[in-house]
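Reckoned from all heavy atoms, side chains included, excluding hydrogens, waters and symmetry mates.
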Amino acid sequence: MIDSDLSSPQPGGVSTSAAGPAKSVSVPVAAFAVVPVVVVVTALAGLLTAFSWRYGFHRDELYFLVAGDHLAWGYVDQPPLTPIVARVATAVFGVTPAGLRVASTLACAVTVVVVALVARELGGRRRAQVIAAFCAATSGFVLAVGHMVSTSTFDLLAWVMIAWLALRLLRTGDGRLWVAMGAAVGLAVQNKYLVVALVVALLAAQLALGPRRVLRSRWLVAGVAVAAVVAGPNLWWQAAHGWPQLTVADGISTDDGLENRLLFIPMQIVYLSPLFVPIWIAGLVRLWRAPELRWARPMALAYPVLCALVLLAGGKSYYALPLLLVLTAAGCEPVARWMRDRRRVWTAVAAGAVTVVMSSLISLPVLPPNALSAVNAINKEQGEQVGWPELTSAVAAQWAAIPERERPRAVIFTANYGEASALVRYGSRYKLPMPYSGHMNYAAWGPPPDSADGPVLLVGGQGDQPSGQFFTGCRQVGRVDNGEGVDNEEQNAPIALCSGTAKPWSVLWPRLRHY
């Protein structure tokens, strides 16, 4: 059984007809392996749901919840899509880690389906599609972003969707797919600007290797227009506010660029799975050499082009992982042929079992919190889900020590958005006031009124700015202890009490803003 849009094959995968969108193809595709892929997706969703309640909110999740209460077309450090998803998910399923993470579980499930569709588009038959779904579902990175809500969760889905649409466009020559790609790119921009690197890599590879006919389609103009309309409100917001997200991106590159470059290849291998290396290498070679996939060669070139762009920018290694999943999907048909020997099936099953265990330990809250030290060295995001109620309790204890008559004029000021967001989420049980911070978009949600000229309770360090420049009479009164010995960013963070501010808040606020 093959697609109904198939007609006589043409070399290169697209028709040479000058009239209208080409619809002929180079290789027919197999029927989609619906039942086994659904089984894989169901098992994945069950696994993610079973662990969705453990540990607690991640610092970014807490931030998304607060941003969702301040809906806007943009924020200094992100577009609006993820905060909107967080608000909708918690409104429907409850303000709990499990309720919020329903959204990430669903996004992860769809991602796995699309990876299987990519394998199908590249000539993968039933077994290859199932192997592709399994590889995606057991990848450490996919499990990690499927466990908790992050911008990377929806970025991954958008990227593999765009890659699948691009491959389908190249195979069928149907220019109408540009419109769908434009919508996907526009939505991706509303989540994270990183998708621009994918678009550049794909276009560069297409120009270099062809077929270039698809780039001359009138539908490409329509696709660009759709992308501009969908992404427009956020781009307008960023332009109106001086493109603050570029400042944030520059800060990431400056602070972590060298480390990101040194670990670029090793961490990609770890995040995807070391046992998948032979599969994606086979996929890269197949895309480049297989005559029947000549039309798909640009995807093989797009991956190294993307890697070069990420390395040049000092970006994180996982930025290139979506295309690595595409290469993995391409390599699943050779693996399926290799597994025709029943003796090799058991080797593959054993490798799959090892992958499931390794990826789960790295990416999911499987271990007790006090055993996270080794995991944190590979995936520090695990530790960032521990200790936020304890931080709030420590701050509440010091707030209670402030004389009651002084509290109406007192302020809680935090060093970063994670601390502030935790106090917003858990502070009501201690009757804490709303916290303030100069970090990321919290700077736009401040400052405190100048009438708040009483004590200042400082939570965490103040970055590169010594507190004495801004606050007077400061003394340390406590430290944060998550109670599990987890060495995360907030463990042992100082809590200081200051008698007041050196100048009114309105004067200090521009200098307290930091990214």
Side-chain angles (χ1 to χ4, degrees), residues 38-69 71 81-113 136-157 191 356-357 359-372 375-376 379-393 417-419 421-429 482-484 486 488 490:
V38 168
V39 169
V40 173
V41 169
T42 302
L44 170 65
L47 179 66
L48 292 174
T49 301
F51 287 100
S52 62
W53 59 272
R54 292 210 69 198
Y55 294 175
F57 289 111
H58 184 275
R59 68 166 60 244
D60 290 352
E61 292 177 317
L62 291 167
Y63 184 39
F64 297 143
L65 292 176
V66 178
D69 290 333
L71 288 179
L81 182 61
T82 304
I84 291 173
V85 170
R87 179 164 178 169
V88 171
T90 52
V92 175
F93 300 106
V95 189
T96 64
L100 172 65
R101 290 166 181 169
V102 171
S104 54
T105 297
L106 293 174
C108 187
V110 177
T111 298
V112 171
V113 172
T138 59
S139 162
F141 179 67
V142 176
L143 284 177
V145 301
H147 166 62
M148 63 187 190
V149 170
S150 68
T151 54
S152 296
T153 304
F154 309 106
D155 211 40
L156 174 62
L157 173 56
N191 177 66
V356 170
V357 173
S359 296
S360 297
L361 287 174
I362 292 171
S363 305
L364 298 178
V366 174
L367 299 173
N370 57 16
L372 275 178
V375 174
N376 264 355
N379 178 17
K380 66 178 182 179
E381 309 307 333
Q382 290 271 52
E384 295 304 317
Q385 301 169 65
V386 176
W388 299 112
E390 289 76 14
L391 179 146
T392 306
S393 176
Y417 66 76
E419 297 159 347
S421 300
L423 295 177
V424 172
R425 175 70 187 94
Y426 300 109
S428 59
R429 68 184 63 169
N482 54 48
E484 300 287 354
V486 178
N488 58 20
E490 305 305 329

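How far OG1 of Thr49 is from CG of Leu106: 8.5 Å, rounded to the nearest 0.5 Å. Here the straight-line distance linking atom CG of Leu372 with atom CG of Asn488 works out to 9.5 Å at 0.5 Å rounding. Rounding to the nearest 0.5 angstrom, the gap separating the CD atom in Glu61 from the CD atom in Glu384 is 11.5 Å.
A donor-acceptor pair shorter than 3.5 Å can be found between the side chains of Thr82 and Asn191. One side chain, Ser150 or Thr153, offers a donor N or O that lies under 3.5 Å from an acceptor on the other. When only modelled atom types and interatomic distance are considered, Glu381 and His147 share no side-chain donor-acceptor pair under 3.5 Å.
Taking 4.5 Å as the limit, every side-chain heavy atom of Val424 sits out of range of all side-chain heavy atoms of Leu62. Between Val486 and Asn370, the closest side-chain pair of non-hydrogen atoms is not below 4.5 Å. The shortest distance between side-chain heavy atoms of Val102 and Val92 does not fall below 4.5 Å. Between Arg101 and Phe93, every side-chain heavy-atom pair lies at or beyond the 4.5 Å cut-off. At least one side-chain heavy atom of Trp388 sits less than 4.5 Å from a side-chain heavy atom of Glu490.
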Inset, instruction - Evaluate the side-chain contact (heavy atoms from CB on, under 4.5 Å) criterion for residues Phe64 and Val85: first the C-alpha distance (whole Å), next the side-chain angles of each, then the deciding distance (0.1 Å), finally the verdict. - result: CA-CA 9 Å; Phe64 297 143; Val85 170; over 6 Å; no
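Classification of Arg59 and Glu419 as a salt-bridged pair fails, no side-chain N sitting under 4.0 Å from a carboxylate O.
Between Tyr417 and Tyr63, the ring planes lie parallel to each other; the angle is under 30°, not in the 30° to 60° tilted range.
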